[in-house]
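Starting from 1, each residue takes its place in the sequence as its number. Atoms considered below: every heavy atom in the structure, side chains included; atoms not considered: hydrogens, waters and symmetry mates.
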Amino acid sequence: MNLRPKKRVYTALSVLLLSCSLNIAVVDSAFAQKASLEQCQKLQKKIARLTSLRRGGGNAIRMETWRQQRKRYEHQFREYRCRTHGKLLRVKN
């Protein structure tokens, strides 16, 4: 009695798992939020402020807190697809 599954079963399962993961990725990107220009500008200012604070230095706890906050804002910036605003987000001198 041979208990090993056939090669076709493994192939079918791998194709099924791959297609499910691709479907989830497509659905997830379709429901990604898009922020307004004002929201994106606020996030960009917060990121710039935290970058400036970190460059100024400080004790280790503050630096780590600022780094985590900046990372969170950068994640939101990407999640809200703020890059779609392109040139409008460039810093004016």
- Message: Has Thr51 got a side-chain atom pairing as donor or acceptor with Ile47's backbone, closer than 3.5 angstrom?
- Response: yes
- Item | Sidechain-backbone polar pair: Gln39 side chain, Ser36 backbone, donor-acceptor under 3.5 Å | yes
Gap between atom [atom2] of [Y] and atom [atom1] of [X] - 0.5 Å precision:
X     : Y     : atom1 : atom2 : answer
Glu79 : Arg81 : CD    : CZ    : 11.0 Å
Phe77 : Cys40 : CZ    : SG    : 6.0 Å
Tyr73 : Arg49 : OH    : CZ    : 8.0 Å

For [X] versus [Y], what's the shortest heavy-atom pair and its separation?
X     : Y     : answer
Lys34 : Thr84 : CE-OG1, 3.2 Å
Leu89 : Gln41 : CD2-CG, 3.7 Å
Met63 : Gly57 : SD-C, 3.7 Å

- Note on the structure: side-chain contact (heavy atoms from CB on, under 4.5 Å) with Leu43: of Gln76, Arg72, Glu38, His75, only one passes, and it is Gln76
- Query: Going by an N to O cut-off under 4.0 Å, is there a salt bridge joining Glu74 and Arg70?
  - Reply: yes
- Item | Glu64 and Arg67 ion-paired at < 4.0 Å | yes
